[in-house]
Amino acid sequence: MASVLKEAYFHDEEAAFAALEKLMWPEGKPPHCPHCGVADKCNRLAVQTSKPSKRNPKGKPVYGLWKCYACRAQFTVRKGTIFEESRLELHLWFQAAFLMCSSKKGVSANQLHRTLGVTLKTAWFLAHRLREAMAEGVLNPFGSGGGAVEADETYIGRWRRKGEKERASAHKMKVLTLIDRDTKRAKSTVLQNITSVTVGEVVAANVAKEARLMTDQSSVYGPIGRTLASHESVNHAKEEYVRGDAYTNTAEGYFSVFKRGMKGTYQHCREKHLHRYLAEFDFRYNHRVANGFSDLARMDVAIKGAKGKRIYYNQPM
C-alpha cells in the first residue's frame, strides 16, 4: 500500500486536478461548458494566486481553472460532481476514496477524521458523498441467458427488548440482496417489510425472466419464483445447505462481510442512510480482485461515478 500512496495525486494538488481531468475528460479537454453548454470554446487558465478570503482563508493557489469564452464563466473539473463547492483539497478526496475502496469492511468517519486531519463533520459528509459516487444502477438484468441468481434477506439493528410486544424482527432494518453467479455481482435493497409483494417487486425489476432463482425455504419467494424459468430452494431449518447447484452460500458470504463492516467498523446506522452503506458494500463486491480490479482501479471507477451526483449536507439523504 505504501508504494501505491506514492502516486503524486495523493499528495500534490495540481497532480490531483490533472488526474481527475484524465478520469472525467478522457480526451484531455472539457466536452462542453457546464454553464452554457457550448463546446470548443473553453481554454485552460494559468494557476491563479489569490489573497486570503472567506472562500479561500489561506490564500492557496487555485488549480485546474478553465474559462468559457462563450459565456465568460470560469469552472474546474469539480463542477457537477460530488467535489463541487468543497473546500477540502482534491488530493485529500483521492486519499479518502482510496481508503474507502481498499478497506474490505469500510473505514469509519472517525478514522477518516484522524487520518486526513479534517473535522469529524467533514469526514462524515465526504464519506457519504463517496458512497453516492459508488452507487450503481443494474444495466443488465441478473441471470440473463439462464444464469443462476441467489436471493436472500438479512436483518440489521437491535432485537426486541424485554417487554416489547412486537415480533422479534420489528425493530430490525430489512435488506434483500441478489447475487448473479455468472457476473459475480451483487445488488442490495432496503425494504420496509419482507413480504412476497416487496420481494417480488425487487426481483422482477432486477432479474431476467429466463433466470434460475436460488433461495432458502422462505415462502416469500414462491410467487415470484413461479414467474421465472425455475426456482430451487434449500431448507436451512433441516440443515440442508447445498443440493446440486441450489444454494445461497454466495449471498451468505456477502452478508458476513457486510455485517462485520456494519457492526465492527460503522457500529451505528440510521435506516435513512442504510442504502448508501449498501451501495458501498455492493460496489466493493462488484469490483473486487476476483472480478479483475486492483485497489487503484476500484478507486478510479468510484471517482468516475462522481459525475452528476452532487449532494448537499442538508438535503434529504
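Quick caveat: nothing in here was measured; it's all calculated off a predicted structure. Counting from 1, the numbers follow the sequence of the chain as shown.
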Looking at every non-hydrogen atom in both residues, tell me the closest pair between Leu88 and Val118 and how far apart they are.
CD1-CG1, 3.4 Å
Looking only at heavy atoms, which two atoms of Arg131 and Val107 are closest? And how far apart?
NH2-O, 4.4 Å
How about CG on Asn110, more than 12 heavy atoms from neighbouring residues, nucleotides or ligands closer than 6.0 Å, or not?
yes
Under 3.5 Å, side chain of Arg44 to main-chain N/O of Lys29, donor-acceptor pair present?
no
Would you check, one step at a time, whether the test side-chain contact (heavy atoms from CB on, under 4.5 Å) holds for Tyr63 with Gln48?
CA-CA 7 Å; Tyr63 298 100; Gln48 304 290 301; over 6 Å; no
Between Arg284 and Met100, is there a donor-acceptor pair closer than 3.5 Å when you use the side chain of the first and the backbone of the second?
yes
Six-ring centre of Tyr247, Arg181 cation under 6.0 angstrom, axis tolerance 45°:
yes
Hey, does Ile224 have a side-chain heavy atom less than 4.5 Å from the side chain of Leu213?
yes
Rounded at 0.5 Å granularity, tell me how far NE2 in His91 sits from CG in Leu116.
9.0 Å
Take Lys172 and Ile156, measure what side-chain contact (heavy atoms from CB on, under 4.5 Å) needs, and give me the verdict at the end.
CA-CA 5 Å; Lys172 305 280 266 186; Ile156 298 292; over 6 Å; no
Using distance alone, with no hydrogens and no angle criterion, decide if Thr119 and His113 have a side-chain donor and acceptor under 3.5 Å apart.
no
Restricting to non-hydrogen atoms, name the atom on Ala39 and the atom on Pro31 that form the minimum distance, rounded to 0.1 Å.
CB-O, 3.4 Å
Minimum heavy-atom distance Leu45-Tyr69, with the two atoms named:
CD2-OH, 4.0 Å
Do Leu20 and Trp66 belong together in a cluster built from hydrophobic side chains that touch within less than 4.5 Å?
yes
Can Glu271 and Lys174 be counted as an ion pair, charged N to O under 4.0 angstrom?
no
Can you check whether Lys272's main-chain N or O pairs, donor with acceptor, with His275's side chain at less than 3.5 Å?
yes
Determine whether Val77 and Val38 fall in the same hydrophobic cluster, where Ile, Leu, Val, Met, Phe, Trp and Tyr are linked whenever their side-chain heavy atoms lie under 4.5 Å apart.
no
Is the shortest side-chain heavy-atom distance between Glu150 and Tyr254 below 4.5 Å?
no
What is the distance from atom CG of Leu176 to atom CD of Glu201, rounded to the nearest 0.5 Å?
11.5 Å
Is it true that the side chains of Ser188 and Asp282 contain a donor and an acceptor less than 3.5 Å apart?
yes
Within the distance-only criterion (no hydrogens, no angle test), does the side chain of Arg212 pair as donor or acceptor with the backbone N or O of Gly147 below 3.5 angstrom?
no
Should Leu191 and Val202 count as side-chain neighbours, where that means a heavy-atom distance under 4.5 Å?
yes
Do Leu278 and Thr189 touch side chain to side chain, with heavy atoms closer than 4.5 Å?
no
For Gln95 and Glu89, test the side chains for any donor-to-acceptor distance below 3.5 angstrom and give the result as yes or no.
no
Nearest-0.5 Å distance, OG of residue Ser294 to CG of residue Asp300
8.0 Å
Just wondering, more than 12 heavy atoms not from Gln267 lying within 6.0 Å of its CD?
yes
Would you check, one step at a time, whether the test side-chain contact (heavy atoms from CB on, under 4.5 Å) holds for Phe142 with Val203?
CA-CA 9 Å; Phe142 283 7; Val203 174; over 6 Å; no
Answer yes or no: is there a side-chain heavy-atom contact under 4.5 Å between Thr248 and Tyr241?
no
So do Lys309 and Thr81 actually touch side chain to side chain, heavy atoms under 4.5 Å?
no
In this structure, OH of Tyr285 is separated from OG1 of Thr250 (nearest 0.5 Å) by 5.5 Å
Using 30° and 60° as the class boundaries, would you call the ring planes of Trp124 and His128 parallel, tilted or perpendicular?
perpendicular
In one Ile/Leu/Val/Met/Phe/Trp/Tyr side-chain cluster, 4.5 Å: Met134, Leu126:
yes
If you compare all heavy atoms of Ala246 against all heavy atoms of Glu232, which two are closest, and at what distance to 0.1 Å?
CB-OE1, 3.7 Å
Under 3.5 Å donor-acceptor, Asn291 side chain and Lys184 backbone:
yes
Please confirm whether the backbone N or O of Pro141 pairs with a side-chain atom of Ser144, one donor and one acceptor, at under 3.5 Å?
yes
Nearest 0.5 Å, what's the CZ-CZ distance between Phe283 and Phe293?
7.5 Å
Applying ring pair (Phe, Tyr, Trp, His ring centres under 6.0 Å), name anything that partners Tyr266, two or more places apart in sequence or on another chain.
Tyr277
Are Lys187 and Thr177 linked by a side-chain donor-acceptor pair shorter than 3.5 Å?
no
Heavy atoms from other residues, nucleotides or ligands near CZ of Arg260 exceed 12 (cutoff 6.0 Å)
no
Test salt bridge (Lys or Arg N to Asp or Glu O under 4.0 Å) on Glu280 and Lys105 and set out the steps.
CA-CA 10 Å; Glu280 176 188 354; Lys105 300 177 184 68; over 6 Å; no
Work out which heavy atom in Ala211 is nearest to a heavy atom in Leu228; give both atom names and the distance.
O-CB, 3.7 Å
Checking His32 against Trp25 for the ring pair (Phe, Tyr, Trp, His ring centres under 6.0 Å) test, could you report, in this order, the C-alpha distance in whole Å, the side-chain angles of both residues, the deciding distance, and whether it holds?
CA-CA 10 Å; His32 55 76; Trp25 305 331; 9.6 Å; no
Cut-off 3.5 Å, side chains only: do Tyr221 and Glu153 have a donor facing an acceptor?
yes
Hey, any chance Leu130 and Met24 share a hydrophobic cluster, counting ILVMFWY side chains that come within less than 4.5 Å of each other, even indirectly?
yes
Is there a continuous path of hydrophobic side-chain contacts, each under 4.5 Å between heavy atoms, that joins Tyr9 to Leu99?
yes
Student check: side-chain heavy atoms of Phe94 and Ile303 closer than 4.5 Å
yes
Stepwise, does the side-chain contact (heavy atoms from CB on, under 4.5 Å) test hold for Phe281 with Met262?
CA-CA 10 Å; Phe281 281 90; Met262 295 306 296; 4.0 Å; yes
Does a side-chain heavy-atom distance below 4.5 Å link Arg185 with Glu136?
yes
I'd like to know if the side chain of Asp180 and the backbone of Val149 have a donor-acceptor N/O pair within less than 3.5 Å.
no
Under 3.5 Å, is there a donor-acceptor pair between the side chain of Gln217 and the main chain of His236?
yes
Say you draw a straight line from NZ of Lys79 to NE2 of His35; how long is it, rounded to the nearest 0.5 Å?
4.5 Å
Keeping the roles fixed (side chain from Thr198, backbone from Thr195), state whether a donor-acceptor pair exists under 3.5 Å.
yes
